Structure formats: structure tokens, C-alpha cells
Amino acid sequence: MDDVLSVFDTRLLGPMLRLATPILLAAIGGLYTQQAGVLNIALEGMMLMAAFWAAVGAYFFQSDQVAQNAAWLVTLAPWLGLLCAVIASTLLAAVFGLFSIRFGADLVVAGIAINLFAAGGTIVLMQRFFTTKGSFSAQGRLPDICLSFLREVPVLGELFRQQNILLYISIVIVVVAHLVLYRTRFGLRVRSVGENPEAAQTAGIQVRRIQFATVLISGVLCGLAGANLSLGYLGQFTTNMTGGRGFIALAAQTFGGATPIGTALASLFFGLADAVSVRLQTRGLPSQFVLMIPYVATIVALVLVSRRRLFHSRHRPSVEVEKAEATP
Amino acid sequence: MRMEEQHGADVAPVVVMRGITKEFPGVIANQDARFDLREGEVHALVGENGAGKSTLMKILFGLYTPDAGSITVGGSIVRIESPQTAIDLGIGMVHQHFMLIPSLTVAENISLGMEQKRGPFYDLDAAIEHARQLSTTYGLRVDPSARIRDISVGERQRVEILKALGRGVRVLILDEPTAVLTPQEADELFHVLWGLVRQGMSIVLITHKLREVMNNSDRVTVMRAGQYVGTVDTAATSTEELARMMVGRDILLRVEKGAAQPGAVVLQAVSVTTDDDQGLPAVRGVSFEVRAGEIYGIAGVEGNGQSELLEALTGLRKTSGGSILLNGVHIERASARRRRELGMAHIPEDRLVYGSSESSSIADNAVIGYHYHPPLARRFWLATSRRARWALDLIRRFDIRGARPEAPIGSLSGGNIQKLILAREMSREPTLLVAAQPTRGVDIGAIEFFHRKLIEYRDAGAAILLVSAELSEVLALADRIGVMFDGRIVAEFAGEEATEQELGLAMLGVGDARRASA
Amino acid sequence: MKSKPMIVLVILCLLLAACGSGGAATPGGATTAAPIAASPTVEATMAASAPVITDGTVGAGASPTGEAVEKLRIAMFVNGALGDKSFWDSANAGVRRANTELGAEVRVVEGGFDVSSWEPALRRLAQADYDIILVGTFQMPDIVNSVAPDFPDKKFILFDATVDQSNVANISYAQNEGSFLAGVLAGCVANSDLPNVSGDKTVGVVGGEDVAVINDFVVGYEQGAQYVDPEMQVLKAYVGTGAPAYNDPAKAKELATAQFSDGASIVFQVAGGSGLGVIDAAKEQNRYAIGVDSNQNGEAPGVVLSSMLKRVDNSVFDLIQMEATGSLRTGKTYLYGIQNDGVGLAEDKYYDQHVPQECKDQVDRAKQDIASKKVRVKSGFK
Amino acid sequence: MRQRGLVAEVIPPVLSLVAALALSGLIIAALGSSPLPVYKALLLSPFESLATFSEVLVRMVPLLLSGLAVAVAFRCGVFNLGVEGQLYLGAFAAAWVGFALVGPGIVLIPAALLFGALVGAVYAFLPGVLRAYSGASEIVTTIMLNYVAINLTTYLVTGPFRAPNAATADSEPIAATAHLARFLPESRAHVGLFIALSLAVGLYILLYQTTIGYELRMTGANPRFAEYGGISVRRTVLIAMLLSGVLAGLLGAIEVLGVQYRFRSGFSPGYGFDGITVALLARVEPLAIPFAAFLFAVLRAGASIAAVDTEVSREVVDVLQAIIILFVTAEGLWSFVRRRHVVAAGQRG
């Protein structure tokens, strides 16, 4: 028992942040769409597509071809990879938005299709580019940032020892998301669209356009989340490497009540639970039970924080402008 | 009169609608309808439920696209594709169901869609300032920083009007604006509207209330069954004539009723207390009783605990104290189903939220509460054919037009939905009928019908608890009246003795409490 | 309300069904016989002249056309996907070698992860005219037992599992013995004076999932480490469950990092595609790693000290070659262990350069001890 | 009017399918293969013989059951994303009956099915209770419980119920008497299909002919209305989750008794999520679900034929399926065809 409890020390903090970062980035993306009333199941697929293109981009801009023609690009390769990831993921988001918001495909079905598309598409392309279906190296990574002045500070030092730059970006993104949602015109519109699309429409807001915009934002953020996996944390792409993190992000976002701060806390909580499970494995407990920890912990936490809300509305379809009611 | 007409002929109409036709699956909402609006007039648009008034105005506001017909605004033919186009043309609309975002503040709601920025951010201060300015300019009192979900219905309506005014509209359409207001609030609203007209605004008033029309409009357009019937000057017509135009026959506007013959106590509430959704006390110890063969009316300004009291009585809300007896049985902890089994029926105040399920069929809607009982079901099995016959029977007996049992109830007009609810609740001959706002948003023909049914039912020996924001309705129907203020019944009147004046004062909490309850 | 989706679905179904019968009425359509020489897929087509299955309806008895009679025609069914940089890629290399060295015609079919689709896919493959059908992994015996008896004319090679069928030749691997050597190397390194050793008498292993076939590696490794030093502590961790466990390098990296921070000097990865995360962690934490299945020493020279090789490629090639020379015996099991280089450590230039001599000696000693049965390596299958 | 309606109903899905196939063809051609053989393998080959067609029927069973499981919860306004976890537990439970007990099929099969259904129901009950009594979103809890179930069943077959000499996380084989009968010669098509089809009819009857079904539908359509009408929303939500779990558990049990003959960790390629697509494609109508499941089964069976018959890789087929799903469900894609006559009516399940 002591052995198990000894897991809880400051050494958990670094892994907690590392494990939370990709989830957090995707979850923030999900909360934008959620705030606009769009349930985004496609986070997983967008992340995966991003992870792939991040690695492809980084690889390509370091290739001899590029080095000979524009050598200065080589040093920027990881960043260009990040850019590729964001572009690819946003394009996929646009497809998702187009089919679900514009063409009226069911949000969940379209999301599942996007995930399938990404899972298959990345492998097909990997085979095309690298003649392998397993994994390939990006030949580089985004830089880690070590806040050296914190090195001697007890807890913070542990927290920010060797963290990828995307972690710092994600902190900024949480703050920005908070500001955007609660302090900007766009945020006001997003929230009104999510809460009462009909009212928003009569106020002259283009409901679908707002929803589409949030889907694109979720694409950008999933781009960062995917790049974080393949280019921030590892420096390689592996088939289906997101491993359900998009769904965890969806859960974190729901858990966090679709607010940036809540979602950040939920993601951190999930990171912590994951970190505990990782460290408990070295304590010789049956692996399957240890692997359950993050999920069980999430359920317990959710039950503890949930108020009794029996009638909540969700899975809201895109707005129907013309309702067939002849009520004068 | 002559002057008026001359004047009318001179003023160019701001809006002309001609030949408007709009068809929904299975329903023709408008057929070759027409409408003219002159500058600086209050133009009432009246008609029964399903007459197509709202549809016509929603077309003008760009919510629906007409299948045929033309719209001229300010002399030129326009295509109004969205509310934004309508607003750009200077047309605003205040909907019957408010188009507000509950979690946002008044100022945010008013500025929504035309927000000002300061740097990258939304300029909340400017929005508040703008709202305050509008509020003073037009004399519509609201607190710009209050959240919509925290303010009263009357205030919400003011926000809706300010929202339109803030967009610089010159034509304002109001869909049943007084349906949710107290008489005082309604008077205030018309005061404001006339002020707007003096500033050159043109107003379309969709309503059922003929008295309102007579007092507060320049001209009246009557519609029936999706078609245009005629337009008359208000000064040259009468309620009777308008009623005849709407319904196509003479109707009785007063309620004929004999004296009540009260019997045994059916419902007894003793010091009932309950909390609202935020957990604050909403009903603070209410006691009263309703006897068989009488109508007990509860009057009061909305938001004084009536809704919570009804929910507590009908089992939709937990009581925090006191007891409720139905035919001598304690029911304060009983489920809604148990209360129904003990003889309670309930016409809920919000027919769309509680009273019906929009996407479900009329048959499904017609049986709820009794769906598990013979003859509608045998053990676990629904008696499908009997159910359809049951629904047809209700449709026939309550004259619900255009209804087929298998059609979704959402295809019916509001008044017909309300009729179905009344039919359903009366069908099992309960000993107690709790009726909340039974005629809200219902047209004049139907009101007559509803009132007659309630009286008939009382005379058959049922106990009726009536809660209505329409003072005239409570006065016309109730044998005894309790006035609720701040979660308590502050006064009780015998129906025939009460006057609108006295009740109004009691509703404001300043009346002479004649028989205040414990 | 009810009828609308029904109409749509019925029509879609009818559309498919109608076309289906139409298609069946024109057997052997020219379109399907088109050569696929232009196919860019590398692992699926071994030779430009590779055949396609001429038509789906070809029966087992259909005779191949032309000169292909004496050429060996081989099909391998992958119940999963290629690209794992370990088991399947190794098997694939073996069949590929059969193509280049024996001139065999080769076809590799990936079955994916839908368990219930494997049997019909294998059956369809068996119906086509291949002489040998290769099947692998412990997930397949049931299916081979069901399919093989229906095709008595065909030969099957089942690697990494065994069944008792007269037309199936089995290959099994003593991966526990190879892992034992990895354990010996790890234990020795942990006690060595290499620069980045923690000095904690601790080594680690990260497995894909907690199942017997992985634990066969793990127990061998543990035994090997403790063979060097009985006080050696072996940290174990598993990435997850099921197929995703082998595709999550991020999780594996975190697990290995945790083991390193708990004092492990070297971590052995047995986690397929996730394993590269272990190597990444070792690089970052300045510790050591051991690869698995294929030679991963070059992934991080000096960090990956060796790789435990399971020579699926060699074994598969061997058996194909036996068939080519007519010596393959079905109904029996070929065992690949340390003696016949079926399993072992990758002793390449990186190994020579970075592993201390003392440890190389220990590994060699352990090999002899296993060969001479002085050491009996435990099995994860029990 | 009626004819125009029919045209408006038929043309869009056909156009969608054509567009999806055209786009897929371009992709395949871009990858350097000919699309026609792929189309043939994917869409026609499943119908080429009784053997291949019977595989469609085999594939259809789990898709159908999963679709029903998702649908029954959905009709009650509950989003059961946990069918995957429930079916794993149901499968294990059924397998346990099959390998731990002995007896004639007439006893073993019903026992295994019932036990599988029961365990699936219990496992679905848990998120139901959490939703009804603590308000914890079932979207989150069911996703989480999937991971728990997969780990738990894997633990069971690698730990306490580990088969002697098992190499992977598989249980012992079930008794031969517990196998579901196969009804076509030389094929794996098993009577589970008829169980599944009758459950579809059963669910239809339940929803539309019984009081419980009525209460379920009303709760899903408008919970406040249901509460007002004396229906206990909590109780109904629990019943819906239980029914959903029963169907998911049966799915697992039938797969074990009809196809796998043992519990295999990882045997489901995501049936629980396929069910969502199937159910929504069928607009959550029980009697339409078999058709949607059949359509998917054709694609699945076709995909595995394509893997053997063509040089196009498996993943290309995944991409094709994704494109087909996207196009076929995008109702508004061809809105110009029926512009005026089908305004979005209040027709959502």
C-alpha cells in the first residue's frame, strides 16, 4: 500500500502535463463547436490527420530536395510541419462542416465517417509517400522549452522540466479561448447560436456560418493537438497513433462543462489519472486494472461534480430555418 | 371619419403584400393573402388560430419564403430572404415566443448581431450604454446588466422591442404581445407603442383580443383560414363585427353561468411551501381549498409563485413543507401518475413544454397520463385501434380542425393543440381539473368554447382550480378568487363581489386583504 | 415518418442487389483480369509479373494457365496489417526473399482487425490457385483448423502457432530464449560501467499487452536479467489492450520514461509499433534500450544496444525453400530457437561498438548454457 | 404530388451513391489502380455466390443488433456510446457459460444468451443510474466504461479464466453443443440472424405497441411532457439503458456462440460505433435498421473480398466507405432536386 501511495509525488506533474496537452488542445477545439451547438465526434480523425501531416511536413522540409533549393527552410522544418498539420486538419474540419452543417448529414455519422476517412487516408498516403504502413520518422521535433530559472523551484521546476513548446502554446490557447468566448463579438455570437439558434438567427446572425467557423477552429486546434503527438512529443508518425485521445478530449470537454477553464481542469485531471496509471505499472499491479484508472477516475469525478440535470439538451442538429408549423 | 380616410389615402403605404401563398406539407397557411401597412399607424391583424396571421408576418420578416406573391416595401418590390434582409429594410418583429438568449444580459441581447468592438474585444460598455440610451429614449425600463433568465416576462418583452428599435426599424410587428402581460403591463405597453407611432413608426399588432384592438389600433385586417377577409377602420367597426368577420358567424362574448353549487372539499392545500429552480423559496405557505362544483381562481402577476404552486400540486415539483389532500388523501409525496389516478387532471401553463410533444403524433399526445389504462391499454399492450378511435373521438368532440390521429401534433395551430390538451384532460372525467392559463394565445372563438366547457364541467360537479394571468378571465369564470403575491395568497374574494380594481391592487400587494389566509 | 428511411434503404439495397446479379451473369469479365503491374504497393506485389486472382469464382481445382505450372505460387494472409516494423514486416521480408531468390510468385493479403472477417478471407484465398498459403499468429489456429481440412490439395504454413492438420506445417519460435539473452544483456549492462547506467540494479521491459505471447518475452527477459544478477529488479509495464496497444508510441514513451525515472538503466521493448516510443525515451533520458523482432540498433546507435530478433523472415523463407526442393513436411512443427538462429540478439556493428566486452561474453555464455540445456528458459505460456 | 415526392426521395440517395463512387474512383485511379475491379469486389462480389452472400448475413447480425441497441436508447433520448463495452461483457458472459458449463444445446444456448444479455444489461444499467440520479452525462460515462470493459474482460481471460496454454487473450473454446446452428450449407450463416431480425420486429412492437415503448418514446421526444403525463423519466431512462444493454449483451453472446466459439479479446472491430451509424442511417426506426445493417454488411463483406481480389489496400476501402457514408447521409446535398416541397419538417426521430 505504501508502495502504491509513494506514486504520488511531484514526479507525477511532468507526465501529467505531457499527457494532458494533446487532450487539452483537442478538447478546446471541441468546446468551441459545443458552444455553437455542434457535437464534434470528428476530433479524433482531425487529430490523426494532423499528426500525419505534421510528420510529413517536417520530413519534407528537411529533405535533400528542399535543402538544395531553399536551405533556410530546413531549420524551420518542424514549424512548417506544424503548419501542414494545421492546414490538413482544418481542411478535414471543413469537409466535416460542409457535410454536417451545410448538407445536413447527421453530426455523429459525419464525425464517424471523418474518423474512418482519417484512419484509412493516413495509411494510404503513408504507403504512397514512404512505402510503409507502420510508422515513419519526422526526422526532427518541435523544441522543448526548459524554463531554467524555475529549475530549483520545488514544484514548478518539476512541472516545467522539459516540456514541449506546444504545452506553453496550449496554456495561451486556454486563455485566448476564454477571452474569445466571453469577451469578443464572435464569442457572444457563438454562445447565442449554441443556446438558441432561432433567436440568434432572428438577430441577423448567420447561424450556420458561425457553426462552420467553430468547426474550422476545432480543426486548427486539433492540428496543434495532432502535431503535438507526432512532432512535439515523439518525432514520428505511427498508424492510428491518436489511440482514442480525440474521444477522451470530447469527454474532457463535456466534463469541463464546455468552458475553457473547466475543460483545462478536466484535461489536467485526465492527465493526472493517466500519469498515475503509468507510474503504478512499475509497482507491479495487474496491468489491466491499472490501465482502467484514468477512465474510472473520470467517471467518479464526473459523478461528484455533476449536478442533477436530467433534461439537458445536446446532440443538437443544425438549425432548421423553416419549421413546418402553421401556427399563426 | 372622413378625415381619417382622406389622410389614409394620402399616406403612401410602407408595406404592401399581395397574393401571398405559403404551403406547408399538408397545410396551406396562406392563400392569396394581402396586407397594407401605412406609415404611422397601429394596424391590428386579427383572426382565429390557424388563420395565417403569424405566417404572413413571418414571411414579411424573412423567416419563411412565400411560394407565390409579392412584397413591396417603401415603393419597391423586394425579396426578403432572411431576417437580416428584413431588418435592413427597416422591419422588426417581436415574436410570441421570445427570441432571446437566456444566459446573456439585456445589453448583450440587444446588441447581438450588431455588436460594437473595442480593439479585438466586444465592447460591453458601449452595449450597456446603447441599451440604456434606447431604454430612456423610448421609455422602456430595463436593467441593461440583468441576465434575461432573471427578469420578468414583461421586461423580456421590452428587451425584444428595444432589440428591434436598436436596429433602427420603422416597421414593428408584434405577435400577441399582451398574451403574457398583466393588465397594467399591457396598458404600459400600449402607452409605449403609441409613443413610437408618434415618432413615425408603423406597428403591426397580431392579437386575439378584440377589446385591445378596439382601444389600440387605427385599422384592422381580418384573416380567416389563410385568406384575407377585409380591412376596416377601427373607429368604424365594433367587436361584434370583427368577431363575425373572424369566425364567420355571430359569437357570444360574455360567459353565461349560473351560481355555483359547491359540494364536498376536493382539493385542500395546507401551508404548502416549495422552492424555485434556483432553490429559493417560491411558495411560502399557501392554504386554500377547492370544492366540488366550484371554480377557484388564482390571480396574480406572473412570477409570484403561481407556477411553482401548480407544479407542487400536480407532482412536478417537490414540496418543502405543508400538505396537499385530494379527496381526503394525502398526495404531497405522490407521483404525478398517482395524483392522476386519484382524479386530478392538469392543463399545464406551457402547452409546448409540458402539455404536448411536438414531434409525436396526435394520438400519442391524446393519451398521455392514461396510456396504460384500459381501454387504451391492456396490461403492457397498447390498444392501437382503440387509441386511434379515442383520438378521433376527442378530435370530433372538441372540434379540432385539420387533425388526423397519426399526424404530428406540431402540425396543428396553438389553439388546436390547446383544445386537444383540454379534451385529453377532461376525457377521463377527473374530480379536480387544474387549469393554468387555459386560453393563453387562443383565439376568440376557442375562448368561448373553452369557457363554456369549463362551466359545463363545473356544473357537472367537478372541482376546478383556475390560474390565469387574464384578470377578465378569472373574473368571468371563478366562483372564488385567491390573489397570490410573493408566494402567498394575500386575499380571497367571492367571484361576484370582486372588481378588477380591487384585484389589481391585491395583486400588487397593497390591497385590503379581505380574508387573508394563514 | 417511418416510410421515408425505409424507401431510401430499400432502394439502396435493391440497387446493390440488382447490380450484383447482373455482375454474376458475366463471369470472368475482362476488367477484372487486368494486370496490376502498375500497382505502386510494394509489399502487396512482389514481382511485376505477379498474377491476380483471375476471378473471384475460381474454384480450388481451377488449373493455372501457361508456364506458371512449375513456379511456386505463394500467398500470405496477414491477420492485421503490415507496417509493424516487427512480426509481419519480418514475415513479409521472408516471402519477398522467396520471390527474389526462388522466383516464386507471391501475394500478400492484409485482413485487417475485424476478427470475424478473417475466416472468409482466408477461405477465399485458399480457393484461388496458390500452392502454399502462409498464415501466422496465435489468433489463427481456430480458423486454420476450420479452413485447412476443406482444401486438402493445398499446403498451409502456420507460423508462430501450431495446429494438428495433415496439410499444415507449423513454425514455432523460442522467443523466450531470445528474450533470455536480451535479459542477460540488460542485466549485465545495468551492472556495467557504461556512462549512462543508473547504478540501481534495475532494468525494465515495456510490453504491448499483458497476454501470454508477450509474457513469453517478458519472463525470458526477467529470467535472463536475474541470471546475471539475482538481485536485479525487473520493472514491467504494458501499453494497453488489443490492437491499439501496438500503435501508441506516446504511451510507451511515457511508460519507459517512468521506468527510467524509477532507476531502470535499460528497457526492452516488446510492443510493436509502440516500441519506438521506448527508444525515444531512452534517447531523451540518456539511458539504453533493446529493440525487438527486427534489428532496431540503427534507430539510435549507442542507445539501442541490441535487438532481440525473432527470425520470422528466415523461418518463412526456409520452409518455402523446402517446399521448392520438395522436402517440406506438413503435419509437423519446425522449431526455431537459439541453436538454429531462429531467435537471438542482433550482433551488428553497433553491438560490437557499444556493448562492453564483458557483456558480450556473458551473452555468449548464456547461449551455450541454453544450447547445452544447462539453463531451462521459462515459458510465458505455462 | 405523390409521384414528385417519390422522385424527390429516390433521386438524392442514388445521386449521392453515384457521386461517392465517382470520387472514390478518382482516388483509386490516383493511386494507380483501376476502380472497376474494386467496385466489383466491394459491391457485386458479395452477391456472386451463396457462400459470399452468406458472409453478408454473418456480418449483418452484429451490425443489426448494435443498431437496435443504439436505437432503443436513442429513442428515449439517451446516447449509449457504450454498446462496445457492453457487448464485450456480454460476449464474455456467454463464453463463460459455454466453456464452464456442460449440457445439451437446448439448455446451454438459452443460458448463454440470457447470461450475456443480463451482464450486458447490468453494465448498461450503471451509466443509466449515473445519468438518472447524478446527472453525469452518459456520453462521457459510456465512453469511459468501454475502456473499463475491454480491460476487464482481457484481465478475465488472461487471469482467472485463462485457458491452459493460451497464447493470446482468448478464453477456452465453448462446448460444441453451445454452437448456434448454421442454416446454409458450407457457410457460417447462423441462426443468430433470425434472432436479430426477430429482435428488430420485437423492438418495433415494443416501441409502438406497448405501454413501455410509448413511455420510452415520449421520454425521448419531450421528457417534461412525459414527466407531466405521469411517466417517471428516471425509470424510463433506466429501462431504455437496460434494453440497450440487453441487445448489446446479446450481440456479444451471439457472436461468441455463432461465429467465434470462444471469447477473444479485441474481437469487435467497433460494432458499438457502427451501430450508431446504422441506427442513424435508419432514422432510428427499428424496421429500417435491418436494411441499414444489410447495406453496411455488404460493404464490409465486399471490403474483405476486395482485400483478397484486388491489389488495392484495405485502407483504401476504409476511405471509400467513409466517402459513401458521408455522401449517402448528406440529405441536403441535392436539395435543388426537391427544393420546394420538402421543407425540413419536424421529422427527427
Side-chain angles (χ1 to χ4, degrees), chain C residues 1-2 4-13 15-17 19-24 29 31-32 34 36 38-41 44-45 52-53 56-57 81 109-117 119-121 123-125 128 137-139 142 161 209-213 216 240-243 381-382, chain D residues 6 9-10 13-14 17 31-34 36-37 40-41 43-49 55 58-59 150-151 154 158 165-170 173 188 255 259-262 264-267 269 281-283 285 287-288 291-292 294-295 298 300-301 304-305 307-311 313-314 328 347:
Chain C
M1 168 133 190
K2 257 171 289 172
K4 191 175 161 195
M6 292 278 279
I7 292 174
V8 174
L9 288 168
V10 168
I11 286 162
L12 284 175
C13 290
L15 191 77
L16 292 173
C19 302
S21 56
T31 50
T32 54
I36 41 76
S39 167
T41 56
T45 316
V52 284
I53 301 170
T57 51
V109 169
E110 288 172 283
F113 298 94
D114 179 354
V115 176
S116 70
S117 76
E119 183 174 335
R123 201 170 276 279
R124 194 171 180 87
L125 202 55
T137 79
F138 279 98
Q139 292 172 296
D142 279 4
E209 55 182 330
D210 190 357
V211 295
V213 68
D216 202 29
T241 32
F381 300 116
K382 275 180 276 200
Chain D
L6 193 64
E9 291 296 327
V10 172
V14 171
L17 201 61
L31 291 169
S33 305
S34 163
L36 286 177
K40 176 176 182 286
L43 300 174
L44 309 186
S45 297
F47 300 94
E48 80 190 7
S49 70
E55 277 305 317
V58 173
R59 295 310 163 75
I150 290 167
N151 277 302
T154 307
T158 53
N165 302 317
T168 46
D170 298 347
R188 300 196 299 168
E255 276 301 283
V259 181
Q260 312 288 352
Y261 297 152
R262 60 169 88 217
R264 292 167 174 271
S265 157
F267 78 94
L281 188 61
R283 311 269 165 92
E285 281 298 335
L287 291 187
F291 293 94
F294 180 76
L295 187 73
V298 169
R300 286 288 162 83
S304 96
I305 293 173
V308 179
D309 283 13
T310 72
E311 293 297 328
S313 72
R314 227 170 38 77
V328 171
Q347 295 225 351

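Predicted, not measured: the structure shown is a model, and the values here were computed from it.
The closest side-chain heavy-atom distance from C:Pro120 to D:Arg188 is below 4.5 Å.
With values rounded to the nearest 0.5 angstrom, D:Glu55 atom CD is found 7.5 Å from C:Glu119 atom CD. Of the inter-residue distances, the one linking D:Arg59 atom CZ with C:Ser116 atom OG reads 5.0 Å to the nearest 0.5 angstrom.
Both the backbone and the side chain of C:Asp114 come within contact range of chain D, judged by heavy atoms closer than 4.5 Å.
Taking every heavy atom of both residues into account, C:Leu125 and D:Val308 meet most closely at CD1-CG1, 3.7 Å. Nearest approach of C:Val115 to D:Gln260, heavy atoms of both residues: CG1-OE1, 3.4 Å. Pairing each heavy atom of C:Arg124 with each of D:Asp309, the nearest pair is NH2-OD2, 2.7 Å. The minimum heavy-atom distance linking D:Ala307 with C:Val109 is given by the pair O-CG1, 3.6 Å.
Partners of D:Arg314 according to the side-chain hydrogen bond (donor to acceptor under 3.5 Å, both in side chains) rule, which considers only residues two or more places apart in sequence or in another chain, do not exist here. Listed by chain and number, the residues in a ring-ring contact (aromatic ring centres under 6.0 Å, His included) with D:Tyr261 are D:His179 (sequence neighbours excluded).
D:Arg264 contributes a side-chain N or O that, together with a main-chain N or O of C:Gln139, makes up a donor-acceptor pair within less than 3.5 Å.
Taking D:Ile150, D:Thr310, D:Asp170, D:Val58 one by one and counting their heavy-atom pairs under 4.5 Å with chain C, the maximum is reached by D:Thr310. Options C:Ala121, C:Ala161, C:Gly112 differ in how many heavy-atom pairs under 4.5 Å they form with chain D, and the most are formed by C:Gly112.
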